[in-house]
Visitor: 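Sharing a structure here in structure tokens format.
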Amino acid sequence: MPQTITTFKRRITIQTVLAFLLVIFGMLVVMLALYMPPVGEIHPSVITVFGMLLVAAGAFIGIDLNFQIKPFIEAIRDKDKSKPIPDNETV
């Protein structure tokens with residue numbers, strides 16, 4: 001079923017709003033964590049949840065980690081291929 005332009009724009013708008021709300025919610029969670037005992041210290045689990053919310057927000061927007069990881073992996077492979085193998089070492 002082909003999408004119309006208005007349906008596509010509406011989908012993009014909803015995804016952007018959801019991503020924005022997730023980021024705002026994550027920032028609120030981090031700020032509220034400052035006022036929980038011990039005051040002024042953010043527990044590492046709060047930072048982990050904030051990171052997960054940012055990843056979810058990026059997924060809503062359409063950011064793909066695979067896009068960023070592929071060039072990195074290819075660079076590592078090229079570097080490994082160019083490295084000479086010593087005679088006394090077997091693979």
Side-chain angles (χ1 to χ4, degrees):
M1 183 167 125
Q3 289 183 336
T4 62
I5 299 291
T6 56
T7 307
F8 183 71
K9 285 183 180 179
R10 187 177 310 140
R11 187 172 144 232
I12 294 293
T13 304
I14 291 171
Q15 288 173 342
T16 305
V17 168
L18 282 174
F20 180 74
L21 290 175
L22 274 174
V23 170
I24 296 297
F25 177 72
M27 289 176 11
L28 286 173
V29 167
V30 171
M31 284 187 256
L32 288 175
L34 285 171
Y35 296 105
M36 295 180 144
V39 177
E41 182 180 330
I42 299 175
H43 195 270
S45 64
V46 175
I47 301 298
T48 303
V49 169
F50 182 61
M52 291 175 158
L53 289 172
L54 289 177
V55 169
F60 280 137
I61 293 174
I63 298 172
D64 187 11
L65 291 177
N66 199 16
F67 174 74
Q68 296 174 355
I69 292 174
K70 277 184 182 178
F72 177 70
I73 291 174
E74 288 174 4
I76 291 175
R77 283 187 193 150
D78 292 342
K79 186 177 180 183
D80 287 343
K81 286 180 183 178
S82 65
K83 202 183 290 185
I85 299 174
D87 292 337
N88 60 357
E89 196 174 310
T90 58
V91 180

Visitor: Can you list, pair by pair, the side-chain donor-acceptor contacts under 3.5 Å of residues 34-45, counting residues two or more places apart and other chains?
Guide:
| residue | atom | partner | partner atom | Å |
| --- | --- | --- | --- | --- |
| H43 | ND1 | S45 | N | 3.1 |
| H43 | ND1 | S45 | OG | 2.9 |

Visitor: Applying the 4.5 Å side-chain criterion to the ILVMFWY set and letting contacts propagate, would V29 and M31 be lumped into a single cluster?
Guide: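 Linked within one cluster.
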Visitor: Using 0.5 Å steps for rounding, measure from the CE atom of M27 to the CD1 atom of I24.
Guide: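 The CE atom of M27 sits 4.5 Å away from the CD1 atom of I24.
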Visitor: For L32, which residues count as a side-chain contact (heavy atoms from CB on, under 4.5 Å) partner, sequence neighbours excluded?
Guide: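 Result, side-chain contact (heavy atoms from CB on, under 4.5 Å) vs L32: none returned.
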Visitor: Going only through I, L, V, M, F, W and Y residues with side-chain contacts under 4.5 Å, is there a path from F20 to L28?
Guide: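 Yes, it is one cluster - the side chains of F20 and L28 are joined through contacts under 4.5 Å.
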Visitor: Mind checking whether I47 and L54 sit in one hydrophobic cluster, side chains of I, L, V, M, F, W, Y counted as touching below 4.5 Å?
Guide: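 Yes, I47 and L54 fall within the same hydrophobic cluster.
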Visitor: Mind listing the closest non-hydrogen atom pair of A19 and A57 along with its distance?
Guide: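 Minimum heavy-atom separation between A19 and A57: CB-O, 3.5 Å.
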Visitor: Can you list the residues that meet the side chain to side chain donor-acceptor pair (under 3.5 Å) rule with T48, with sequence neighbours excluded?
Guide: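 T48 satisfies side chain to side chain donor-acceptor pair (under 3.5 Å) with no residue once adjacent residues are dropped.
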Visitor: L18: which residues meet the side-chain contact (heavy atoms from CB on, under 4.5 Å) condition with it, sequence neighbours left out?
Guide: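 So L18 forms a side-chain contact (heavy atoms from CB on, under 4.5 Å) with I14, F60.
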Visitor: Quick one: list whatever passes side-chain contact (heavy atoms from CB on, under 4.5 Å) with L53, sequence neighbours left out.
Guide: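 With neighbours one apart ignored, the set is L22, F25, V49.
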